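Beneath this line is the structure, given in structure tokens, with notes to follow.
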Amino acid sequence: MYSSRENYDRPVLHVFLLVLQIVFTCFGLVKGDDSAQEKAFYVVYMGSSSSFESKDSMVDAHVTLLSDVVGSVDTAKKSFVHSYNHFNAFAARFTPDEARELKSSVNVISVFPNQYRELHTTASWDFLGFPENVPRNLKFERDIVVGVIDTGITPDSESFSDEGFGPPPPFWKGTCGPFVNFSGCNNKLIGARYFKLDGRNDPQDILSPIDMVGHGTHTSSTVSGNSVIGANLFGLGNGTARGAVPSSKLAMYKVCWASHSCSDMDLLAAFDAAIEDGVHVISISLGGFGRGPHSYFENSLAIGAFHAMQKGIITVAAGGNSGPSLFTVDNHAPWILTVAASGTSRQYRSKVKLGNGKILSGLGINTFTPQPKLYPLITGEDAGFETEIDYYDYPKDPRICMEDSLDTKKVKGKVVLCESSQFQMEYPADIVVSKAGGVGTIVVDSEGVLTYNDTAAIYFSPATTLNGSSGEVIYKYINSTRSPAAIIYKTEAVSISAPFVASFSSRGPSTGSRRVLKPDIAAPGTDILAAYPPSHPITYFEGDPRRSKYNILSGTSMACPHVAGVAAYVKSFHPNWSPAAIKSAILTTATPMSATLNSEAEFAYGTGQVNPLQAVDPGLVFDMDERSYIKFLCQEGYSSDEIINLSGTKMNCPELPPKGYDALNYPTMHLRINATDQKPQIAIFRRTVTNMGPKNSIYKATIKKLKKVKMTVKPKKLVFTKRFQKISFTVAVKLKKVTSHTEIISGSVTWTSSRHTVRSPVVIFTE
Ligand SMILES: *[C@@H]1O[C@H](CO)[C@@H](O)[C@H](O)[C@H]1NC(C)=O
Ligand SMILES: *[C@@H]1O[C@H](CO)[C@@H](O)[C@H](O)[C@H]1NC(C)=O
Ligand SMILES: *[C@@H]1O[C@H](CO)[C@@H](O)[C@H](O)[C@H]1NC(C)=O
Ligand SMILES: *[C@@H]1O[C@H](CO)[C@@H](O)[C@H](O)[C@H]1NC(C)=O
Ligand SMILES: *[C@@H]1O[C@H](CO)[C@@H](O)[C@H](O)[C@H]1NC(C)=O
Ligand SMILES: *[C@@H]1O[C@H](CO)[C@@H](O)[C@H](O)[C@H]1NC(C)=O
Ligand SMILES: *[C@@H]1O[C@H](CO)[C@@H](O)[C@H](O)[C@H]1NC(C)=O
């Protein structure tokens, strides 16, 4: 039931594209008519577990609830998969009818089918103005534990060596095996677990927290890895690889499997374990929860993050790789910090020299050094078989160098020019060319079909990708000579202007709430060098003999751990700050990005590029607790019945929330206007800031005006006389004229004191 794309042994060229593109089908969902109902895995969710005296009493309650529906205690026990601990939920196998019946039981908030989710450096930290020698609060940083929920880890990597590390902090309850083929934890990697509740055997993975994919090793080292000098991928990106908080401890929770991806049941179990063990920050680079309005409580990541937040743990998640279209951002619950991917000033390009001496520049990672000579150059079209091309038979089209379309006799020893195509994800041209005996591949993107033209893919054989205008130069050259020739050089890092939001990075607005601006922030996510399992090929192509302890990957998966690392860094200075305070500090201190360069503006980059050094000292924070989120859920239309058991203490929705009332004290402000009925044209945002800076601080408001909008702030000046003092203000916006087309109008309110700048974007969206 899995398409070929989902198998890692397919000749898949682009490591990052693989990470980006895998779309996992739902497993275990019922097919066919209702009379022949199949059992499937489901999660039954009931909110907070704090009213239970013990885990056993909760398990008993779960079995009782299930047996009421499936008929007997015996059947219930057989259908049972797992009871969670830090929230009231369980996983079990039953039929859709039984799911409906359970859903209508008292106290059940949601019942949702277990689905399978997708996985969504060195210089990147310097690029962010966060050099190796930044001030650190090592006393606390050493006891910070970052939990990473991912594909597992490579414990032998130098990035996770414990040289110079003290023992785990006394509160730590995590465990670590022993596991198969896992050398074990140490004083850096202090916890590792895996979760595979569906019991299926994954032929390409093993029941151990060892990383058989590479993704989890990479993200873990970006957030917390040691400083490792001379890290590189075949010389590329050579430098010191390091995480944001190299002295922190790390715990891996493996939920994503090489060919089975990441299931909801396992994801919830990982959150449960991370809460139990005592992590401070959770970094989670996966998603695929679908678009469209849907319940936060049918979303395992949102549920897990909610209960983590209750325990004071901040969850940082990847915003997804479905850009650049609007409405694609994932993991958009307001209690999650949602990260977009930006490009840094380093790009990996290869020079192509033509027989006439012209030099062109292509994108992509080519680790091969050619013999210093020119090779004969041929187009895919000229290298096809003599038979007439059936242009509707795409799979055999030699112009795009499809599988079995090239004549070995014509290709042998030559560089082949292939047009880009949408099929290249599955049938990478360079693999076809090298299999046919070619020595190099130049992909030309004449039609602009490559969506991801700002990110370097790793090629299996010598290759690079040229844009349309460079492609024209090469076609002209081929036409101008009898014996065209070219050489593709090994990739070099070049400097480009940055930051910009990566084309693949998912864009807002959020499909969840109309009130919350998402994504929250941008961080480097293109061409990131970080640790990698040296036992795996650097591409997922099975015939690829290349191994490296560091690899270059792209995705919001790579951006997320940058921000999780910054959250840990902030936490090391302010151990008592709430998740919302830490998030506010990171958001309001971000470096603004350009709306000219990124036309989706805040929907592409949130508040801007993360700025780790400023985040530690934000001046003011927009703080919130659990109650704010619960009031928010009421506002979103959840009923008292649904939310009453969410927190440990009973909460009812107010009968009528005051008009214009803001349940969330969110650090950004967002108004969405329905262009059809032109409403609402007015919004009043009420916010409260807490003074985290010096006790006597005066802040003045500056407004960056929005086009066509009247905007006022009251009061215009905030005078603090104490630390932790709270002062409220309102921002009123009124749109003068509503257009009838999609429009993003950006502005901001900035509070400035002699030492601090606290910036909140204000975004109006008409749809
Ligand atoms: C453990 O690793 C060894 C050596 O790489 C391998 O031969 C063995 O199959 C692995 N064990 C499992 C359970 O995969
Ligand atoms: C990487 O840089 C280090 C110095 O920082 C140097 O000693 C080493 O040779 C370089 N490695 C490669 C492969 O360029
Ligand atoms: C990538 O493609 C988009 C859309 O075709 C284009 O606007 C953008 O300029 C391209 N970027 C680069 C770096 O070529
Ligand atoms: C194509 O690539 C070349 C080389 O990087 C660059 O100079 C040129 O601006 C690009 N053209 C377009 C249309 O993006
Ligand atoms: C190259 O020559 C072919 C055939 O003569 C022609 O169709 C094509 O337009 C030419 N391309 C360029 C870029 O001149
Ligand atoms: C949930 O709330 C209802 C209504 O107040 C209460 O009867 C029930 O005991 C609660 N359940 C749990 C598990 O807290
Ligand atoms: C916008 O308003 C129109 C008319 O009131 C309504 O039919 C439509 O569903 C609304 N669209 C959204 C996105 O709410």
Side-chain angles (χ1 to χ4, degrees), residues 8 151-152 154-156 177-184 194 196 201-213 254 257-259 291-293 326-327 343 345-354 358-364 366 420 442-456 464-477 488-489 491-498 500 503 508-515 527 533-537 547 597 636-637 670-681 735 738-743 764-767:
Y8 286 140
T151 60
T154 307
D156 320 293
F179 301 108
V180 178
N181 279 10
F182 193 80
S183 58
Y194 68 85
K196 190 89 177 78
N201 173 47
D202 187 329
Q204 294 176 57
D205 214 320
I206 52 178
L207 290 174
S208 156
I210 198 85
D211 184 4
M212 300 294 281
V213 178
K254 173 168 167 178
W257 299 84
S259 46
R291 297 182 203 174
L326 294 178
F327 293 106
S345 54
R346 184 158 78 182
Q347 198 172 56
Y348 293 100
R349 305 194 72 95
S350 293
K351 283 189 185 123
V352 175
K353 191 163 113 190
L354 307 180
K358 271 219 170 83
I359 292 183
L360 303 171
S361 168
L363 184 64
N366 168 33
S420 62
I442 298 170
V443 176
V444 178
D445 190 28
S446 299
E447 310 282 335
V449 301
L450 296 182
T451 326
Y452 307 130
N453 58 2
D454 46 17
T455 307
T464 195
T465 297
L466 297 177
N467 63 17
S469 49
S470 299
E472 218 165 287
V473 174
I474 206 166
Y475 279 119
K476 274 214 181 97
Y477 160 69
I488 307 166
Y489 291 102
T491 294
E492 301 162 332
V494 302
S495 267
I496 56 167
S497 79
F500 54 90
S503 50
S510 161
T511 49
S513 168
R514 299 172 69 86
R515 291 178 173 83
D527 310 335
S535 51
H536 295 269
R547 303 288 184 271
L597 220 57
E636 291 290 299
H670 181 32
L671 171 66
R672 253 159 84 178
I673 297 173
N674 182 335
T676 313
D677 62 8
Q678 312 241 318
K679 276 181 188 141
Q681 294 169 16
L735 199 57
V738 182
T739 48
S740 54
H741 54 87
T742 301
E743 192 174 21
I764 300 180
F765 181 65
T766 38
E767 55 182 326

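Ligands are counted one by one from 1 in listed order, and the atoms in each one are counted from 1 as well. Remember, predicted model here, so these are calculated numbers, not experimental data.
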As an exercise, identify every atom of ligand 1 less than 4.0 angstrom from a heavy atom of Ile206.
12 (C), 13 (C), 14 (O)
Do Val352 and Thr464 touch side chain to side chain, with heavy atoms closer than 4.5 Å?
yes
Filtering Leu363, Asp445, Asn467 for the heavy atom nearest atom 12 (C) of ligand 4 leaves Asn467
My question is simple, although I want it checked carefully: is atom 5 (O) of ligand 1 less than 4.0 angstrom from any protein heavy atom?
no
Which is closest to atom 13 (C) of ligand 4 by heavy-atom distance: Gly471, Ser469, Ser361, Ser470?
Ser469
Pair Glu636-Ser513, side-chain donor/acceptor within less than 3.5 Å
yes
Under 3.5 Å, is there a donor-acceptor pair linking the side chains of Ser503 and Asp454?
yes
For atom 2 (O) of ligand 1, the protein heavy atom that lies nearest, with its residue and separation:
Asn181 ND2, 2.1 Å
For Arg349, atoms of ligand 4 separated by under 4.0 Å from a heavy atom
5 (O)
Would you say the side-chain atoms of Thr491 and Ser350 include a donor-acceptor pair closer than 3.5 Å?
yes
Are Ser183 and Asp156 close enough, and set up right, to give a side chain to side chain donor-acceptor pair (under 3.5 Å), and what steps lead you there?
CA-CA 7 Å; Ser183 58; Asp156 320 293; 2.6 Å; yes
For atom 11 (N) of ligand 7, find the nearest protein heavy atom and state the residue, atom name and distance (0.1 Å precision).
Asn674 ND2, 2.8 Å
Looking at Val180, which atoms of ligand 1 are within less than 4.0 Å of one of its heavy atoms?
13 (C)
Sidechain-backbone polar pair: Asp527 side chain, Ala456 backbone, donor-acceptor under 3.5 Å:
yes
Which ligand 7 atoms does Asp677 reach within 4.0 Å, using its non-hydrogen atoms?
2 (O), 5 (O)
Consider only side-chain N and O atoms of Thr154 and Asp211, and report whether a donor and an acceptor are under 3.5 Å apart.
no
Is there at least one protein heavy-atom neighbour under 4.0 Å from atom 9 (O) of ligand 1?
no
